[in-house]
Protein chains: 2
Amino acid sequence: MSLMTTRAIPDGHFWYANEPDVRDLLQAVRRFRRVDEEMRRRISAGMDMNLTDLRALQYVIAAEESGETVQQHDLARYLGISTASTTKLLDRLTASGHLVRAPHPRDGRSVVVTSTDHARSEIRERLGRMHARMAEIARDVPVEARAAVREFLDALSDQIAEEGHVAPLSPRPHG
Amino acid sequence: MSLMTTRAIPDGHFWYANEPDVRDLLQAVRRFRRVDEEMRRRISAGMDMNLTDLRALQYVIAAEESGETVQQHDLARYLGISTASTTKLLDRLTASGHLVRAPHPRDGRSVVVTSTDHARSEIRERLGRMHARMAEIARDVPVEARAAVREFLDALSDQIAEEGHVAPLSPRPHG
DNA sequence: TGACGATTACTAGCCAGGCTAGCGAAATGG
DNA sequence: CCATTTCGCTAGCCTGGCTAGTAATCGTCA
C-alpha cells in the first residue's frame with residue numbers, strides 16, 4: 001500500500017499534500033464529474049425533459065444506429081426504473097413527438113420503440129457539436145500519453161464499479 | 001478543424017472509426033461517467049438517503065475541514081435547490097442525526113449547519129477507502145504522463161462547462 | 001433613533017417522476 | 001390444450017423538488 005506520506009488522518013485533504021500532481025489529478029476528475037452532471041441537466045432542461053428522458057432518447061437512437069430494436073422492457077432495464085415508470089416515460093416522449101410506439105411484428109404483447117426524425121435532429125443539434133469537440137480534445141492528447149490516460153480512467157472505473165460489490169455490467173440492449 | 005476521416009454523418013459512431021485511440025479514450029470517459037453515477041447512487045442508497053442529501057453532507061464536512069461555517073443559504077446555493085427545499089433537506093438530515101442546526105452567533109436570522117461525529121465517521125467509512133484507492137490510482141500514472149492526463153480532463157471540463165454558455169464557476173462556500 | 005427595505009429560514013400546498021400491486025392479452029412449455 | 005410466464009398498462013402512493021407567502025432580524029439612512 002505505502003499510503004501515507006503526510007498525515008495519518010484519512011480525510012482526503014491531507015493525503016497528498018506534498019504530491020501536487022496527484023492532488024491536481026483528482027481535482028480534475030472531480031471537476032469533470034461536476035460539470036458533466038451540470039451539462040446533462042442543462043441539456044435536458046433545454047429540451048424540456050428530465051435526465052432520464054434524455055438518457056432514454058440517447059439510448060434509443062444509439063440502438064437504432066447499431067441496427068438493434070428496442071422494447072419498453074430494454075429501456076426499463078437500461079434506465080434502471082420499473083416498467084410501469086417506463087410506460088409513463090414513453091407517454092411523455094411520444095406526446096412530445098420524440099419517440100413512437102409500434103406493435104412488435106411477431107410478439108403481440110410487445111411494443112417496439114423508435115425515435116422520430118425530430119428527436120434525432122434535436123439530439124444531433126444539441127450534442128453533435130459537443131461530441132465533435134470532445135473528439136478533438138481526445139486527438140490533442142499526445143499519442144505517447146494516450147494509453148496512460150485510458151488506463152487511468154479504466155482503473156478509476158474498475159475501482160468505482162467494484163466498490164460496493166457491484167458487477168461491472170455493461171448496459172447493452174438485447175440482441 | 002480537420003474533422004472527418006471516415007464519413008460525413010456527425011452521429012458519433014463513425015467519426016473516429018479509424019482512430020482507435022480516440023475512440024477508446026472517449027469510451028473510457030463515458031464508462032467512468034456511468035460507473036461514477038452508479039456509485040453515488042449506491043452509496044446514498046446504502047446510507048438511506050438521496051443523492052442531494054449525500055452531496056449536502058459531503059459539502060458540510062468539507063467546509064468544516066477547511067474551517068468555514070455553512071449556513072442554510074450556502075447549502076441551497078451549492079446544491080442548486082431552493083431554500084425551502086433546503087429546509088426540508090435539513091429536517092431530514094437532522095432527524096437522521098447527520099447534521100445539526102445551531103443559531104448563528106451574530107445573525108439572529110441565520111442557522112449554522114454542522115455535521116455530527118456520526119455523519120463524519122459514516123462518510124469516512126463509506127468513502128475513505130475509495131478515496132485512498134483513487135489516490136493510489138493517480139499515483140500509478142507515470143509522472144511524465146500526468147500533465148497530459150490533467151490537461152485532457154481540464155479541456156473536457158472547459159468544453160462541457162462552456163457549452164450552454166455557463167460560466168465555469170467553482171462551488172465554494174462563502175468565506 | 002426609528003422606519004423601512006432586504007435577507008433568512010420556515011410553512012403550506014402543488015407537481016413531477018419515481019414506486020408497487022394487480023390486470024388482461026399474448027406467448028410458451030409440458 | 002391448459003398452466004405458467006412475460007409484456008405493457010392502470011391505479012394509487014410517496015419522495016423530493018417547486019412557488020408563494022410570513023415572521024423575525026439586520027442594515028441603512030433620514
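Order of the sequence lines fixes the chain letters, A, B, ..., with proteins taken first and strands second; residue numbering starts at 1 for each chain.
The residue among A/Ala84 and B/Thr87 whose nearest nucleotide of DNA chain C lies closer to the 5′ end is B/Thr87. Take the nearest nucleotide of DNA chain C for A/Gly108 and for B/Thr86: the residue whose nucleotide is more 5' is B/Thr86.
Nucleic acid contact class of B/Thr52 (heavy atoms, under 4.0 Å, all strands): sugar-phosphate only.
For A/Leu54 and C/dG17, the CG to C1' distance is 16 Å, given to the nearest whole Å. Following rounding to the nearest Å, B/Arg41 (CZ) and C/dC19 (P) show an atom-to-atom distance of 10 Å. For the pair A/Arg55 CZ and C/dG18 C1', the interatomic distance rounds to 14 Å; values are reported in whole Å.
Of the inter-residue distances, the one linking B/His131 atom NE2 with B/Ile123 atom CD1 reads 12.0 Å to the nearest 0.5 angstrom. The distance from the CZ atom of B/Arg133 to the CD1 atom of A/Ile160 is 11.0 Å, given to the nearest 0.5 Å.
In this structure, the side chain to side chain contact (heavy atoms under 4.5 Å, CB included) partners of B/Glu64, at least two apart in sequence or on a different chain, are B/Val60, B/Thr114, B/Ser115, B/Arg120. Applying the side chain to side chain contact (heavy atoms under 4.5 Å, CB included) test to A/Thr116 and every residue at least two apart in sequence or in another chain returns A/Val100, A/His118, A/Ala119. Residues passing the salt bridge (charged side-chain N to carboxylate O under 4.0 Å, His left out) test with B/Arg40, sequence neighbours excluded: B/Asp36.
The closest side-chain donor-acceptor pair between B/Thr87 and B/Gln72 falls under 3.5 angstrom.
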Please write out the pairs of protein N or O atoms and N or O atoms of nucleotides 3-8 of chain C separated by less than 3.5 Å, giving the distance to one decimal.
residue	atom	partner	partner atom	Å
C/dT7	O2	B/Arg109	NH1	2.9

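Both A/Met47 and A/Leu90 are part of a single hydrophobic cluster, where members link through side-chain heavy atoms under 4.5 Å apart. One hydrophobic cluster, built from ILVMFWY side chains closer than 4.5 Å, holds both B/Val141 and B/Met130.
Phosphate contact (OP1/OP2 of C/dG18, side-chain N/O of A/Ser85, threshold under 4.0 Å): absent.
Here the shortest heavy-atom pairing between A/Arg41 and A/Leu51 reads N-CD2, 3.7 Å. Summarising the geometry of B/Met49 relative to B/Leu57, their closest heavy-atom pair is CE-CD2, 4.0 Å, with the distance given to 0.1 Å.
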*With side-chain hydrogen bond (donor to acceptor under 3.5 Å, both in side chains) as the test, would you mind laying out the steps for A/Thr86 and A/Thr83 before giving the verdict?*
CA-CA 5 Å; A/Thr86 308; A/Thr83 60; over 6 Å; no
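Near DNA chain D, meaning a heavy atom under 4.0 Å away, the residues from residues 88-106 of chain B are B/Lys88, B/Arg92, B/Arg106.
Using a 4.0 Å cutoff to heavy atoms of chain A, the contacted part of DNA chain D runs 5' to 3' from D/dT6 to D/dG12.
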